[in-house]
Amino acid sequence: MVQTMTLREQIAALIKTGLEQVQAAGDLPAFEVPDFIPIAPSRHDSHGDYGSPVCMGLARVLHKAPIQIAKAVAAHIPQAEFVEQVEVAPPGYINVKFSADWLARQVPVVLAAGECWGNITLGQGERIQVEFVSANPTGPITIGSARNAVLGDTLASVFEAAGYDVTREYYVNDAGSKVRNFGASILSRYANLLGVDMPFPEKGYPGDYVTVLAQELVDARGPHYLELDSDAAVRELAVWGIDRMLEGVQDDLAQLRVSFDTWRHEKSLYAEGIFDEMMQKLRESGYVVEHDDAVWFRSDDLEKDAVLIRSPQVIPDPEDRPTYLASDIAYVWDKLTLRGFDKAVYIWGADHHGDVPRVQSAARAIGLDVERLVFVLYQLVTLRRGGEEVRMSKSSGEFVTLRELVDEVGPDPIRFMMLTRTVDVKLDFDLDLAVEQSDRNPVYYVQYAHTRIAGVLRKAEEEGLDPFVTGDPALLTHPSELALIRKMVALPDIIALSAENLAPHHLTTYASELAALFHVFYHECRIISLDEGDVELTKARLMLVRAAKVVLARVLHLMGMDAPERM
RNA sequence: GCCCCCGUAGCGCAAUUGGAUAGCGCAACGGACUUCUAAUCCGUAGGUUGUGAGUUCGAAUCUCACCGGGGGUGCCA
């Protein structure tokens, strides 16, 4: 069950019709109907459920008071099943109030939709690729990447719900000098373990995990790699090490309930000739210049040129060739042309914001529509322990791994905390607070609502009632029941909002509000009553809480969280 | 030097993207369990949205300047 129009869109359509009809009827002079009609949920009950200030904007063109325009328009807004009343409020709002009957009747609709509740057709099957995490495979996943992982995965889920055909991809940076340093780091540790002195590379990776890898090698292969030519050994060990790290990355992310459809290796862009194809294109169209022992990408929409590749001669082995921008351009070409995605979404830390114009400009240079590139830049995570900031970097060898954190607090609190804030704000991750399992942690508030419903349904069964009864929705008339349903029917709009604005944090706000309305309802209305006169009401309310449970589970699952039956 | 992000109640953050009376959670204070899980609910208190101008019917939101905090970038030029 997929909704083709969200409530917001339906209301916009009604008002649009009103705007057209009022002119056709000659009640207002001719004017151009705006293609975007602002509609927002009302913040006060006296304003109905949704309101639109569209007539305020028309006051100037029509030289009339907004309230008069609103009245004239409102008179031409057609009837709709879900609308009880269209009201005009000063200074010129058009407010729409939902019909209570209609709201109650949405309960079985939600139940019928089940885990599909909230799905919309916004994306119209467009193929969208979300590339995220893509951390260098030269070490384990850190907490810094956790925000990326959660944002990317959740956004991908939101896109799926919004009707896109989604691919989750991890880009493996397995070419270039970092990889060589990684291999050399392993070799040096390996040699040391075997009692052979070998200097540690200047830009090597000092973390303990490298020594662990080296030990593994010693155990498995003995001194084999010392017998090889050291270049060959480094090369072999780099490939082996990266494979080993990727296994760990995949595993760690799985613990956070993040997984990928595809893993694209940077090296394969060279092996498949995509890199050469792209360079060829750029050369032909004159975007490439060579000077100072480097190849530059030159474009009028960049203030400065950007380094494409460090050495002008095309060296066959990408590991010997620090490439800067070039791989990224080949990769865009791969995404949008060779593999035919309609859109490519990049989830990047704000420290990469400088790369955005370069990639955009390069995409334009190879003839791609920049609108197809979507960048989500999030502010970085700072980690606190005991009130003190923990600096992290793989090259310093000091960091807190995702694995450690997940083992300690579980995936749900991490996911919720990473999602709560907008991407624009820096995230302070307080390890002490994350560990704390108390009501200071809003995660449990939402999950508890789900658990409570599960408890009620179990209780119903114990009392000999059928928890899956179909009741009469018309009996659901209590204000707290209707408030809960109002929130339930808003989910499709929340999904649209999150997808359009690349803002998955709306899900956490929504989940908390939904849970709050359930808790209020729970206090004000007894669900299971064994009184003879309450038989029908009990059925109706069991049906309502079951639907509420469906919506809570849906939004929790969209966020990649568990919807527990017990806590 | 230039670029990006942030500044909203004591603290941490929202505000459907320019709309009505700026919300939520912690923390504080006062209430509610012989009841389907109190990890809950109800109430009280807390604000010149960093400062100053501008844009307009209307600004937390857009523009400019300044003040604070964070991050990027500057070898060619």
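Every value quoted in this text rests on a predicted model; they were computed, and no experiment measured them. Order of the sequence lines sets the chain letters (A, B, ...), proteins ahead of strands, with each chain counted from 1.
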Problem set entry | A/R486 and A/D49 ion-paired at < 4.0 Å | yes
Exercise. Base, sugar-phosphate alone, or nothing: which one does A/I494 contact when heavy atoms must sit under 4.0 Å apart?
Worked result: nothing
Problem set entry | Check ion pair A/R458-A/E461 (N to O, under 4.0 angstrom) | no
Exercise. Expressed in angstrom and rounded to an integer, what is the separation of A/D424 atom CG from B/rG69 atom C1'?
Worked result: 15 Å
Exercise. Quick one: do the A/S299 and A/S361 side chains pair a donor with an acceptor below 3.5 Å?
Worked result: yes
For this session: Can you tell me, in whole Å, how much space there is between the C1' of B/rC4 and that of B/rG58?
Result: 30 Å
Exercise. Got a sec, which pairs hit ring-ring contact (aromatic ring centres under 6.0 Å, His included) with one end in residues 36-70 of chain A, sequence neighbours left out?
Worked result: A/H44-A/H47, A/Y50-A/F98
Exercise. Heavy atoms under 4.0 Å, any strand shown: does A/Y445 hit a base, just sugar-phosphate, or nothing?
Worked result: sugar-phosphate
Problem set entry | Length of the line joining A/Y522:OH and B/rA39:P, which is rounded to integer Å | 10 Å
Exercise. Looking only at atom P, what distance separates B/rU49 and B/rG74, rounded to whole Å?
Worked result: 40 Å
Exercise. A/T382 and A/D428: side-chain donor and acceptor closer than 3.5 Å?
Worked result: yes
For this session: Report which part of the nucleic acid A/D45 touches: base, sugar-phosphate, or nothing (heavy-atom distance under 4.0 Å, all strands).
Result: nothing
Exercise. When we call it a touch if two heavy atoms are under 4.0 Å apart, what does A/H505 touch: a base, just sugar-phosphate, or nothing?
Worked result: sugar-phosphate
Problem set entry | Candidate nucleotides B/rU21, B/rC5, B/rC36, ranked by approach to the side chain of A/K459 - the nearest | B/rC36
Problem set entry | Distance, rounded to the nearest Å, where A/M417 contributes CE and B/rG25 contributes P | 17 Å
Seminar exercise, completed: Out of B/rC41, B/rG19, B/rA39, minimum distance to the side chain of A/Y444 belongs to B/rA39
Exercise. For A/R526, which contact category applies under a 4.0 Å heavy-atom criterion: base, sugar-phosphate, or nothing?
Worked result: base
For this session: Report which part of the nucleic acid A/G51 touches: base, sugar-phosphate, or nothing (heavy-atom distance under 4.0 Å, all strands).
Result: base
Problem set entry | Same-atom distance (C1') from B/rA45 to B/rA27, integer angstrom | 13 Å
Seminar exercise, completed: Regarding B/rU17, purine or pyrimidine glycosidic angle vs 90° from 0 gives syn
Problem set entry | C1' atoms of B/rU51 and B/rG69, separation to the nearest Å | 16 Å
Exercise. What is the nucleic acid contact for A/D428, judged by heavy atoms within less than 4.0 Å: base, sugar-phosphate only, or nothing?
Worked result: nothing
Exercise. Is there a donor in the side chain of A/D424 and an acceptor in the side chain of A/Q379, or the other way round, less than 3.5 Å apart?
Worked result: no
For this session: For B/rA15 versus B/rA9, give the span between their C1' atoms, rounded off to a whole number of Å.
Result: 15 Å
Problem set entry | Closest nucleotide among B/rC13, B/rC57, B/rU17 to the A/R60 side chain | B/rC57
For this session: Name the nucleic acid region contacted by A/R566, choosing base, sugar-phosphate or nothing; use a 4.0 angstrom heavy-atom cut-off, strictly under.
Result: base
Exercise. Less than 4.0 Å between a side-chain N and a carboxylate O, is that true for A/R358 and A/D355?
Worked result: yes
For this session: Using the P atom on both, measure B/rU61 against B/rG18 and round to a whole Å.
Result: 11 Å
Exercise. Between B/rG72, B/rU17, B/rA14, which one does the side chain of A/P38 approach most closely?
Worked result: B/rU17
Exercise. Between atom CG in A/D534 and atom C1' in B/rC36, what is the gap in whole Å?
Worked result: 14 Å
Problem set entry | Nucleotide B/rA20, atom P - distance to NE2 of A/H47 in whole Å | 9 Å
Exercise. For A/W348, which of A/F132, A/Y171, A/F375 qualifies under ring-ring contact (aromatic ring centres under 6.0 Å, His included)?
Worked result: A/F375
Problem set entry | side-chain N/O A/R43 vs B/rU16 OP1/OP2, d < 4.0 Å | no
Problem set entry | Atom pair distance, as rounded to whole Å: NE2 in A/H506 and P in B/rA14 | 10 Å
Exercise. So, do A/L552 and A/K549 sit near enough that their side-chain heavy atoms are less than 4.5 Å apart?
Worked result: no
Exercise. Among B/rU17, B/rA14, B/rC41, which is the nearest nucleotide to the side chain of A/R8?
Worked result: B/rU17
For this session: Would you indicate, yes or no, if B/rA14 has its OP1 or OP2 atom less than 4.0 angstrom from a side-chain nitrogen or oxygen of A/T508?
Result: no
For this session: Could you go through the side chain to side chain contact (heavy atoms under 4.5 Å, CB included) check for A/D562 and A/Q447 one step at a time?
Result: CA-CA 8 Å; A/D562 192 26; A/Q447 290 185 321; 4.3 Å; yes
For this session: Can you figure out which of B/rU17, B/rG70, B/rC13 approaches the side chain of A/L497 most closely?
Result: B/rU17
For this session: Pick base, sugar-phosphate or nothing for A/H353, based on heavy-atom distances below 4.0 Å to the nucleic acid.
Result: base
Problem set entry | Member of A/K487, A/R541, A/R526 meeting the salt bridge (charged side-chain N to carboxylate O under 4.0 Å, His left out) criterion with A/E481 | A/R541
For this session: With C1' as the reference atom in both, quote the distance from B/rG25 to B/rC41 in angstrom, rounded to an integer.
Result: 15 Å
For this session: Assign B/rC5 to syn or anti; the rule is syn for a glycosidic angle within 90° of 0 and anti otherwise.
Result: anti
Problem set entry | Sugar-phosphate only, base, or nothing, as touched by A/T451 at under 4.0 Å among non-hydrogen atoms | base
Problem set entry | Nearest-nucleotide comparison on RNA chain B, the residue closer to the 5′ end among A/L457 and A/P53 | A/P53
Exercise. Which part of the nucleic acid does A/G455 contact within heavy-atom distance under 4.0 Å: base, sugar-phosphate only, or nothing?
Worked result: sugar-phosphate
Problem set entry | Sugar-phosphate, base or nothing in reach of A/C55, heavy atoms under 4.0 Å | nothing
Seminar exercise, completed: Result for 5'-nearest mapping on RNA chain B, choosing between A/R298 and A/F521, is A/F521
Exercise. Using the P atom in both, what is the distance from B/rA20 to B/rG10, to the nearest Å?
Worked result: 23 Å
Seminar exercise, completed: The nucleotide from B/rC13, B/rG23, B/rU40 with an atom nearest the side chain of A/H44 is B/rG23
Problem set entry | Separation of B/rC4 P from A/Y346 OH (nearest whole Å) | 21 Å
Problem set entry | Dot-bracket summary - RNA chain B, pairs being Watson-Crick or G-U whose distances fall under 3.5 Å, with | when paired to another strand | (((((((..((((.....[...)))).(((((.......))))).....(((((..]....))))))))))))....
Exercise. A/Q379 has an atom CD; how far is it from atom P of B/rG7, in whole Å?
Worked result: 11 Å
